[in-house]
Amino acid sequence: MNLSKDDIIREEILTSSQALFHRYGFQKTTMEDIAKSVGKSKSTLYYYYKSKEEVFEFVIRKEAKEVLANITAEMQKKETAEDRLVCYLTVLFSTLTEKLNFYTAIKEELFDINSVKSQYPFLHSVFSDFEHTEMDTLSDIFLMGMKNGEFSISEDQIKTLSYLLINSLRGIILGLMFDKEMEMVCENNKVEGLAKIFIKGLK
């Protein structure tokens with residue numbers, strides 16, 4: 001797909017902003033910093049994005065799409081529902097751990113819940129969109145496993161199972177954001193072991 005000149009500039013701004021937010025966090029990064037990094041004037045930035053908050057929102061949405069794209073690409077290599085579920089969980093946590101490590105500065109800001117409410121009101125929408133995609137992905141895996149005879153579940157249990165798993169994952173993800181020791185729990189071999197324990201309950 002050929003991108004327009006405006007689309008290319010928007011992407012350049014997001015890529016440069018992404019690197020700055022990773023390094024300095026949201027609060028310490030200015031529109032002037034972003035303009036300097038991308039080699040554009042501040043007026044050009046404001047032509048494409050009305051505020052630093054809007055730039056940050058698009059960066060977070062970009063990050064979420066990258067996580068989901070990474071998971072989807074790896075899952076497509078797997079042929080069984082069991083392997084896809086294990087893959088989903090291991091890739092999810094390895095990708096999130098990697099990205100959250102980049103966001104050290106922002107993780108510190110997120111300890112201030114008032115800052116979250118005032119500076120990042122869009123995060124609820126971003127997380128909600130992410131979770132809806134997760135629901136669809138997990139539901140497809142459970143349905144595949146049921147049809148293949150891998151999982152002893154009924155179709156009316158799929159939505160509930162997906163919901164319960166997503167909410168369990170949400171707690172682990174919050175732990176990753178604020179507790180360094182959670183990274184040890186989310187190492188691939190440990191996540192794979194936990195995933196297989198979960199799968200045993202589906203058989």
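The basis for the numbers below is simple: all heavy atoms, side chains too, and nothing from hydrogens, waters or symmetry mates. We number each residue from 1, following the sequence as shown. None of the values given here were measured: they were computed from a predicted structure.
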Exercise. Give the cluster check for Tyr46 versus Phe58: same hydrophobic cluster or not, with ILVMFWY residues linked at side-chain heavy-atom distances below 4.5 Å.
Key: yes
Quiz item: Hey, mind stepping through Asp136 and Ser139 against side-chain hydrogen bond (donor to acceptor under 3.5 Å, both in side chains) and telling me if it holds?
Solution: CA-CA 5 Å; Asp136 291 341; Ser139 294; 5.7 Å; no
Quiz item: Below 4.5 Å, heavy atoms only, C-beta onward: do Thr29 and Ser17 meet side chain to side chain?
Solution: no
Quiz item: Roughly how far, to the nearest 0.5 Å, is CD1 of Ile153 from CG of Leu202?
Solution: 6.0 Å
Exercise. Give a yes or no on whether the backbone of Ala73 and the side-chain of Gln76 come within a donor-acceptor separation of less than 3.5 Å.
Key: no
Quiz prompt | Glu155 atom CD: more than 12 heavy-atom contacts under 6.0 Å | solution = no
Quiz item: Which heavy atom of Met75 sits nearest a heavy atom of Cys87, and at what distance?
Solution: N-SG, 3.7 Å
Practice problem: Any chance you could lay out the side-chain hydrogen bond (donor to acceptor under 3.5 Å, both in side chains) test for Ser154 and Asp156, step after step, and finish with the verdict? | Solution: CA-CA 5 Å; Ser154 60; Asp156 61 358; 2.4 Å; yes
Quiz item: Please walk me through it: do Val38 and Ile9 pass side chain to side chain contact (heavy atoms under 4.5 Å, CB included)?
Solution: CA-CA 9 Å; Val38 80; Ile9 293 174; over 6 Å; no
Quiz item: When you look at Ser41 and Thr44, which way does the side-chain hydrogen bond (donor to acceptor under 3.5 Å, both in side chains) test go after all the steps?
Solution: CA-CA 5 Å; Ser41 66; Thr44 299; 2.9 Å; yes
Quiz item: Hey, does Ser162 have a side-chain heavy atom less than 4.5 Å from the side chain of Ile158?
Solution: yes
Practice problem: Let me see the working for Ile34 and Met31 under side chain to side chain contact (heavy atoms under 4.5 Å, CB included), right down to the final yes or no. | Solution: CA-CA 5 Å; Ile34 297 170; Met31 288 293 269; 4.1 Å; yes
Quiz item: What is the distance from atom CG of Leu89 to atom CZ of Arg84, rounded to the nearest 0.5 Å?
Solution: 14.0 Å
Practice problem: Would you indicate whether the side-chain heavy atoms of Tyr48 and Lys40 approach each other to under 4.5 Å? | Solution: no
Practice problem: Using a 4.5 Å cut-off on heavy atoms from C-beta on, say whether the side chain of Phe21 contacts that of Glu63. | Solution: no
Self-check item: Side-chain touch Arg10/Lys5, heavy atoms, less than 4.5 angstrom
Solution: no
Quiz prompt | Main-chain N/O of Glu12 paired with Thr15 side-chain donor or acceptor, under 3.5 Å | solution = no
Quiz prompt | Set of residues satisfying salt bridge (Lys or Arg N to Asp or Glu O under 4.0 Å) with respect to Glu11, sequence neighbours excluded | solution = Lys62
Quiz item: When clusters are formed by joining ILVMFWY residues with side-chain heavy atoms under 4.5 Å apart, either directly or through shared neighbours, do Val86 and Met144 land in the same one?
Solution: no
Practice problem: Using side chain to side chain contact (heavy atoms under 4.5 Å, CB included) as the criterion, point out the one residue from Leu68, Val67, Thr137 that pairs with Leu92. | Solution: Val67
Exercise. Drop me the distance from Thr30's OG1 to Leu45's CG, to the nearest 0.5 angstrom.
Key: 10.0 Å
Exercise. Enter the distance from Ile166:CD1 to Glu134:CD here, rounded to the nearest 0.5 Å.
Key: 5.0 Å
Quiz item: When rounded to the nearest 0.5 angstrom, what distance separates CZ in Phe151 from CG in Leu143?
Solution: 11.0 Å
Practice problem: Find the distance between CD (Glu74) and CG (Asp83) and round it off to the nearest 0.5 Å. | Solution: 12.5 Å
Exercise. Just say parallel, tilted or perpendicular for the rings of Phe142 and Phe198, cut-offs at 30° and 60°.
Key: tilted
Self-check item: Check: Ser94 side chain, Val91 main-chain N or O, donor-acceptor pair, under 3.5 Å
Solution: yes
Quiz item: Under 4.0 Å between a Lys/Arg side-chain N and an Asp/Glu carboxylate O for Asp129 and Arg61?
Solution: yes
Practice problem: For side chain to side chain contact (heavy atoms under 4.5 Å, CB included), just list the numbers for Leu14 and Tyr49, CA-CA rounded to whole Å, side-chain angles, deciding distance to a tenth of an Å, and then say yes or no. | Solution: CA-CA 10 Å; Leu14 290 183; Tyr49 297 100; 3.3 Å; yes
Quiz item: Is Phe56 reachable from Tyr47 through a run of hydrophobic residues whose side-chain heavy atoms are each under 4.5 Å from the next?
Solution: yes
Self-check item: Under-4.0 Å salt bridge between Lys203 and Glu82
Solution: yes
Quiz item: Any side-chain heavy atom of Gln18 within less than 4.5 Å of one from Glu66?
Solution: yes
Quiz item: Yes or no on side chain to side chain contact (heavy atoms under 4.5 Å, CB included) for Tyr88 and Leu169, after CA distance, side-chain angles and deciding distance?
Solution: CA-CA 12 Å; Tyr88 176 87; Leu169 296 177; 4.2 Å; yes
